[in-house]
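Worksheet: the structure to be examined is printed underneath.
Here the structure is a predicted model, which means the values were calculated and not measured.
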Amino acid sequence: MAGLGWIGAIIIGAIAGWIAEKLMKSDHGLLMNIILGILGAVLMNFLLVAIVGATAAGVFGQLLVGVIGACILIWLGRVLRSRS
């Protein structure tokens with residue numbers, strides 16, 4: 001989450017994790033939402049730079065990237081849990 005700072009990254013990560021939680025119909029706490037939102041944004045920013053060569057700019061761009069990344073992480077968690 002380039003350019004947002006630590007507090008901004010935590011707030012955007014919490015919102016992104018919460019939106020992803022609602023979209024994926026899962027139930028996590030606030031801390032897990034923050035972690036999923038931030039890690040999801042990091043994952044998606046890495047993939048966007050690798051594939052497209054750029055990433056989304058601004059708060060809303062990073063929020064969208066974080067939501068998509070968090071949804072992917074929730075889905076991966078479900079897949080891994082169902083295999084064990």
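- Heavy atoms only, all atoms of each residue included: A16 and A70 are closest at O-CB, 4.4 Å.
- V59 and I7 fall within a single hydrophobic cluster, where Ile, Leu, Val, Met, Phe, Trp and Tyr are joined by side-chain heavy atoms under 4.5 Å apart, directly or via other members.
- Residue L47 shares its hydrophobic cluster (ILVMFWY side chains chained together at separations under 4.5 Å) with M24, L31, M32, I35, L36, L39, L43, M44, F46, L48, I51, V52, L64, V65, I68, I72, L73, I74, W75, L76, V79.
- When all heavy atoms are compared, the tightest approach of K25 to R78 is O-NH2, 3.5 Å.
- Between L63 atom CG and I12 atom CD1 the span is 5.5 Å, to the nearest 0.5 Å.
- Side-chain N or O atoms of Q62 include none that pairs as donor or acceptor with a backbone N or O of A57 at under 3.5 Å.
- Considering every non-hydrogen atom in both I34 and A14, the closest pair reads CG1-CB, 3.5 Å.
- Rounding to the nearest 0.5 Å places CH2 of W18 at 9.5 Å from CG of L23.
- Clustering of Ile, Leu, Val, Met, Phe, Trp and Tyr by side-chain heavy atoms under 4.5 Å joins L80 with none of the others.
- Annotation for V49: hydrophobic cluster partners, listed by chain and number, are none (ILVMFWY side-chain heavy atoms under 4.5 Å, direct or chained).
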